[in-house]
Amino acid sequence: MVNGTEYCIDTDAEKRLLDVLREDLKLTGTKEGCGEGECGACTVILDGLAINSCLVMVGQIRGKEVITVEGLEKDGELDGLQKAFISNGAVQCGYCTPGMLMAGKALLLRNPHPSEAEIRLAISGNLCRCTGYTKIVAAVKEVSENA
Amino acid sequence: MEKFVFDTPGNIKELTSCLKGADSGTYLLSGGTDLIIKLRGKGIYSGRIIDMSGIRELRYITIEEDYIRIGANATFAEIGESLLIEQFAACVGQAARQVGSPQIRNTATMAGNIANSSPRGDSIPALMALNALVKTINGKGEVSHRTIDETVIGIGKNSLMKDEAIIEILIPYKTEGSISAFGKCGRESSRTTVIISNINVAAVVKYDSNTGLVVDAGVVVGSAAPVPYHALKAENILIGSTLTGELCESFVAALQEHVTASITGVKKYENKIDEVKGVGIDIYNILSGNLISGGEGRWK
């Protein structure tokens, strides 16, 4: 299941989840940065946990639930975290943003009121070359304070 | 067109069946965080993958018959968050919490880390220090047990047969009076996670509750040789001693001596000699009770 919709895809089981999302399902919000699990740009949520989609074969996720950045929006309205990213200036080039959003969202799903240290730990697997992370942390913090 | 055959056993019985006939083109998939990179890096696009990750009965952390038992599919995140591990095998929990990133820890398994047998693997020194065992099963359904150093035998080399899979890690149940610690210094210092070890050390001491003296110690150094090794001189310094500030200097000096010897004069590794000093001090302070064990280095 991806973003609430069940799919049955005819593809190679060893294909990376990242490639299936982008190529088979045309969900191109999830980005490839390094392909080695170091940058976090490919982060999605799998059964409630943030994972690197570049390091998971699609055959491993049979019967599981994936949420991508496209799945945050509901009925045309951006998720509160997405709004916070915009209002806090946490998006510059935007390439890390989907991964950052999913890492942040995964944290908030488990812990609606994380501390700053917990937020920084949650996004520690995500690289950003633009923002210096401060505004991203502030965005997640805003959601945690308003929850 | 090259393709993989992808087997998805749902239980240990089906796994055994899949392992029959495994050959050099068969790859076991546990978490997959190492395997995917390896296959793509080596340009391997065909063969057979046995995906163990769906075997629910291999995803557990429990205590049974004098051992903490970790199923092959328990992730580093689960191991790092386990209260059982924190209480009875703290160095393993600390190592688990310092592997990769949160994303990697949510997928990667300790069994996979052992099988990958990287000299820089973080869980391996921690498990060796605690005299952990690896339980395997093969295509005939035969079960074997090995120590960690019998399993990890070289750079990226393990002693498993092609039709053999790790199904459990067993850690002897450390009773009261034991304390363990793990520390590492990474190759890239600008990040707080996704740090591959440039040196890592795990240690465990057992105290006599009456005298406060150390009666047994295990100290294992990793990332300083093709395989992690027991730092015997450092262990002998701890055994029979009270962990004083003065002893810390001797302990750290012994670690440095070990690392100097094991890097065999290779200049590019000389920074490990300095790095093990810092790691050694942190570990010593945890063992002596001055530092809260938790992998984050919080002072009491």
Side-chain angles (χ1 to χ4, degrees), chain A residues 11-19 30 32-64 99-100 102-107 109-111 114 117-129 132-133, chain B residues 1-10 27 29-41 44-56 73 75-78 80-81 97-109 112 187-188 190-196 295-296 298:
Chain A
T11 191
D12 297 326
E14 71 273 11
K15 197 168 179 180
R16 298 179 310 174
L17 173 60
L18 169 67
D19 299 320
T30 308
E32 176 160 16
C34 67
E36 294 184 340
E38 299 210 4
C39 74
C42 67
T43 303
V44 298
I45 295 175
L46 179 67
D47 280 355
L49 298 174
I51 59 129
N52 294 122
S53 61
C54 71
L55 294 183
V56 170
M57 295 183 183
V58 72
Q60 292 177 266
I61 69 149
R62 57 200 183 281
K64 296 190 179 184
M100 284 287 188
M102 302 321 290
K105 187 67 180 176
L107 169 68
L109 285 172
R110 293 185 87 191
N111 177 3
E118 287 167 327
I119 294 169
R120 288 188 179 273
L121 178 60
I123 64 168
S124 61
N126 297 71
L127 289 174
C128 174
R129 295 294 284 129
Y133 304 96
Chain B
M1 185 178 152
E2 291 185 294
K3 283 185 86 143
F4 278 100
V5 170
F6 200 90
D7 289 327
T8 55
Y27 305 96
L29 175 63
S30 182
T33 54
D34 285 322
L35 180 64
I36 291 182
I37 296 173
K38 204 174 266 189
L39 293 176
R40 290 171 69 87
I44 297 171
Y45 297 108
S46 65
R48 190 164 158 242
I49 293 173
I50 301 175
D51 175 16
M52 293 175 52
S53 66
I55 302 177
R56 287 176 207 254
N73 283 341
T75 64
F76 275 117
E78 289 161 350
E81 290 170 11
R97 287 191 292 277
Q98 294 181 66
V99 165
S101 63
Q103 290 92 324
I104 288 175
R105 291 193 287 276
N106 282 332
T107 321
T109 65
R187 284 203 311 191
E188 293 94 38
S190 60
R191 296 186 74 174
T192 56
T193 62
V194 203
I195 303 173
I196 295 174
E296 294 81 26
R298 288 167 290 140

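Just so it is clear, the values below take in all heavy atoms, side chains as well, and ignore hydrogens, waters and symmetry mates. Chain identifiers are assigned alphabetically (A, B, ...) following the order of the sequence lines, protein sequences preceding nucleic acid strands; residue numbering begins at 1 within each chain.
- For a residue to count as touching a neighbouring chain, one of its non-hydrogen atoms must lie under 4.5 Å from one of that chain's; by this rule A:Arg16 touches chain B with the side chain only.
- By number of non-hydrogen pairs under 4.5 angstrom with chain A, the leading residue of B:Ser101, B:Pro102, B:Ala108, B:Gly100 is B:Pro102.
- The candidate with the highest count of non-hydrogen atom pairs below 4.5 Å against chain B, out of A:Leu127, A:Leu121, A:Leu107, A:Ile123, is A:Leu127.
- Of the possible polar contacts, none joining the A:Asp12 side chain to the B:Lys3 backbone as a donor-acceptor pair under 3.5 Å is found.
- In this structure, chain B has heavy atoms under 4.5 Å from both the backbone and the side chain of A:Ser124.
- Side-chain contact check for A:Thr30 versus A:Leu17: every heavy-atom pair is 4.5 Å or farther apart.
- Of the atoms belonging to B:Thr8, heavy atoms from both backbone and side chain fall under 4.5 Å from chain A.
- Remark: A:Arg62 CZ is packed, more than 12 non-hydrogen atoms of other residues, nucleotides or ligands lying under 6.0 Å away.
- Of the two parts of A:Ala106, neither the backbone nor the side chain holds a non-hydrogen atom closer than 4.5 Å to a non-hydrogen atom of chain B.
- In terms of modelled atom types and a separation under 3.5 Å, the side chain of B:Arg48 and the main chain of B:Val5 share no donor-acceptor contact.
- Counting heavy atoms from C-beta outward, A:Leu46 and A:Leu49 have side chains that stay 4.5 Å or more apart.
- For A:Ala122, the part lying near chain B is the backbone, with the side chain staying farther off; criterion is any non-hydrogen pair under 4.5 Å.
- Neither the backbone nor the side chain of B:Thr75 comes within contact range of chain A; no heavy atom of the residue lies under 4.5 Å from a heavy atom of that chain.
- Although no hydrogens or angles enter the test, the distance criterion places no donor-acceptor pair under 3.5 Å between the side chain of A:Glu14 and the main chain of B:Ser46.
- The residue among B:Ile37, B:Thr107, B:Asp34 with the most heavy atom pairs within less than 4.5 Å of chain A is B:Ile37.
- With a 4.5 Å cut-off on non-hydrogen atoms, B:Ile104 touches chain A through its backbone and its side chain both.
- A heavy-atom distance below 4.5 Å is found between the side chains of A:Met57 and B:Leu29.
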